[in-house]
Number of protein chains: 2
Amino acid sequence: MRTLYQPSRDELNLATVLHALSDEIRLDIIKSLAEKGEQYCNALEIQAPKSTLSHHYKVLRESGVTHTRLEGTQRFVSLRYDDLNARFPGLLSAILKELGVKQYQS
Amino acid sequence: MRTLYQPSRDELNLATVLHALSDEIRLDIIKSLAEKGEQYCNALEIQAPKSTLSHHYKVLRESGVTHTRLEGTQRFVSLRYDDLNARFPGLLSAILKELGVKQYQS
DNA sequence: TCGTTAGTTCGTGAATTATCGAACAATAGA
DNA sequence: TCTATTGTTCGATAATTCACGAACTAACGA
């Protein structure tokens with residue numbers, strides 16, 4: 001894929017974001033990203049086939065929960081913490097707290 | 001139905017709750033409940049066939065987002081504000097804010 | 001007891017989502 | 001240029017979810 005669709009801050013939709021976050025695997029990804037900061041996909045060590053992971057990364061990216069940056073053969077993924085916090089104040093913090101994330105790593 | 005399944009506070013699961021909240025119709029219901037307080041189903045005036053609404057009420061109830069109380073032929077539905085706030089502090093407030101709810105009505 | 005009201009359940013079809021192997025594309029390095 | 005690495009896309013299947021008419025259940029009031 002050449003261009004990655006990523007919605008702007010204004011385009012973030014609550015139902016879409018909540019849906020993206022309503023899956024255990026995707027919550028695992030979010031937790032890792034919050035704890036480790038920006039990572040390339042493989043570094044997250046989520047236990048699942050890569051095509052399955054790719055699907056979940058896509059759902060997260062297209063909902064606007066994560067940002068993906070291309071660098072070489074890798075895709076660096078990060079939480080759109082500021083955008084989410086601006087658009088839905090308190091939402092992400094509440095979720096990270098439940099996931100047991102002590103300190104958000106930018 | 002004789003007994004309504006409603007999870008206890010401890011049983012609330014983040015992914016399940018987020019999924020229940022990731023639908024526009026159900027967000028409408030939540031908004032109405034937050035603004036008007038406990039209501040019987042019909043009073044919410046959500047535009048959809050009753051069997052469809054019944055489905056959405058069930059999803060909300062079984063996820064633990066709402067509580068249902070039987071009284072005569074009516075089912076009074078309310079937001080489990082305290083339980084949600086205890087289990088996932090800040091989550092519901094963030095969502096109600098995005099829905100444009102000024103003042104939560106208990 | 002007979003309507004009426006309120007809401008569930010059933011059954012079915014449509015739509016969406018999830019899973020994952022296999023083939024593919026792009027880049028980096030030897 | 002060959003190869004290894006990273007991750008996407010395709011395609012097929014399974015599972016879940018949604019939608020909604022029709023039939024049903026329970027309680028209330030006349």
Side-chain angles (χ1 to χ4, degrees), chain A residues 1-7 13-30 32-33 36 38-79, chain B residues 1-7 13-30 32-33 36-78:
Chain A
M1 190 195 284
R2 210 81 293 279
T3 52
L4 298 176
Y5 171 69
Q6 321 210 36
N13 171 267
L14 181 59
T16 305
V17 166
L18 292 177
H19 173 257
L21 295 169
S22 70
D23 177 277
E24 302 286 0
I25 290 182
R26 294 197 289 265
L27 285 177
D28 265 4
I29 293 173
I30 296 308
S32 283
L33 289 176
K36 302 177 183 172
E38 186 188 59
Q39 296 285 318
Y40 67 99
C41 300
N42 247 1
L44 291 177
E45 300 176 355
I46 307 287
Q47 187 59 32
K50 59 183 184 172
S51 55
T52 299
L53 289 180
S54 193
H55 162 69
H56 289 301
Y57 285 125
K58 185 178 181 183
V59 171
L60 287 170
R61 178 172 45 76
E62 294 189 342
S63 72
V65 172
T66 61
H67 176 261
T68 301
R69 180 170 67 78
L70 303 173
E71 189 177 313
T73 65
Q74 301 177 324
R75 272 125 202 264
F76 282 84
V77 181
S78 57
L79 262 185
Chain B
M1 190 196 283
R2 210 79 293 279
T3 52
L4 299 175
Y5 171 68
Q6 320 210 36
N13 171 267
L14 182 59
T16 305
V17 166
L18 292 176
H19 173 258
L21 295 169
S22 70
D23 177 276
E24 301 288 358
I25 290 182
R26 293 195 290 264
L27 285 177
D28 265 5
I29 294 173
I30 296 308
S32 283
L33 289 177
K36 302 178 185 173
E38 185 188 60
Q39 296 285 318
Y40 68 99
C41 301
N42 247 1
L44 292 175
E45 299 177 357
I46 308 288
Q47 189 59 31
K50 58 182 185 172
S51 56
T52 299
L53 289 180
S54 192
H55 162 69
H56 288 300
Y57 285 125
K58 185 179 181 182
V59 171
L60 288 170
R61 179 171 45 75
E62 294 189 342
S63 72
V65 172
T66 61
H67 176 260
T68 300
R69 179 171 69 78
L70 303 172
E71 188 176 312
T73 65
Q74 301 177 322
R75 272 124 203 266
F76 281 85
V77 181
S78 57

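Every chain is numbered from 1, with letters handed out A, B, ... down the list of sequences. Values below: every heavy atom of this structure, side chains too, minus hydrogens, waters and symmetry copies.
- The side chain of A:T52 has C:dC20 as its nearest neighbour among D:dT17, C:dG7, C:dC20.
- Put simply, the side chain of A:T73 and the base of D:dG7 share no donor and acceptor less than 3.5 Å apart.
- The distance from atom OH of B:Y57 to atom P of D:dC20 is 15 Å, rounded to the nearest whole Å.
- Comparing D:dT9, D:dT6, D:dC20 against the side chain of A:S54 picks out D:dT9 as the nearest.
- Across the protein-nucleic acid pair, A:I29 atom CD1 and D:dG7 atom C1' stand 13 Å apart, rounded to whole Å.
- In this entry the distance linking CZ of A:R26 with P of C:dA18 reads 4 Å, nearest Å.
- For B:H19, counting side-chain heavy atoms from C-beta on, the closest listed nucleotide (C:dA6, C:dG21, D:dT17) is D:dT17.
- The NZ-P distance, from A:K58 to D:dT6, rounds to 22 Å in whole Å.
- For B:K50, whose side chain is taken as the heavy atoms from C-beta onward, the closest listed nucleotide among D:dC18, C:dA22, D:dA23 is D:dA23.
- Judged by distance alone, the side chain of B:Q39 and the main-chain N or O of B:K36 form a donor-acceptor pair under 3.5 Å.
- One interatomic measurement links the two molecules: NE2 of A:H56 to P of D:dG7, which rounds to 16 Å at whole-angstrom precision.
- Rounded to an integer number of Å, the gap from A:H55 NE2 to C:dA22 P is 20 Å.
- In the set C:dC20, D:dG7, D:dC18, the nucleotide with an atom closest to the side chain of A:S51 is C:dC20.
- Each of A:G72 and B:F76 lies near DNA chain C, and the nucleotide nearest B:F76 is the one positioned closer to the 5' end.
- A close approach under 4.0 Å does not occur between any side-chain nitrogen or oxygen of B:N42 and OP1 or OP2 of C:dT5.
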Practice item. Decide salt bridge (charged side-chain N to carboxylate O under 4.0 Å, His left out) for A:E24 and A:R26; before the verdict, give the C-alpha distance in whole Å, the side-chain angles of both, and the deciding distance to 0.1 Å. Key: CA-CA 5 Å; A:E24 302 286 0; A:R26 294 197 289 265; over 6 Å; no
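- Judged by distance alone, the side chain of B:S63 and the main-chain N or O of B:V59 form a donor-acceptor pair under 3.5 Å.
- Side chain of A:E62 to main chain of A:Q6: no donor-acceptor pair is present (N/O by atom type, distance under 3.5 Å, no hydrogens or angles).
- Note: CZ (A:R75) to P (C:dA25) measures 14 Å, nearest angstrom.
- Shown here for A:L33 and A:V77, the closest heavy-atom pair between the two residues is CD2-O, 3.4 Å.
- One interatomic measurement links the two molecules: CD of B:Q39 to P of C:dA6, which rounds to 13 Å at whole-angstrom precision.
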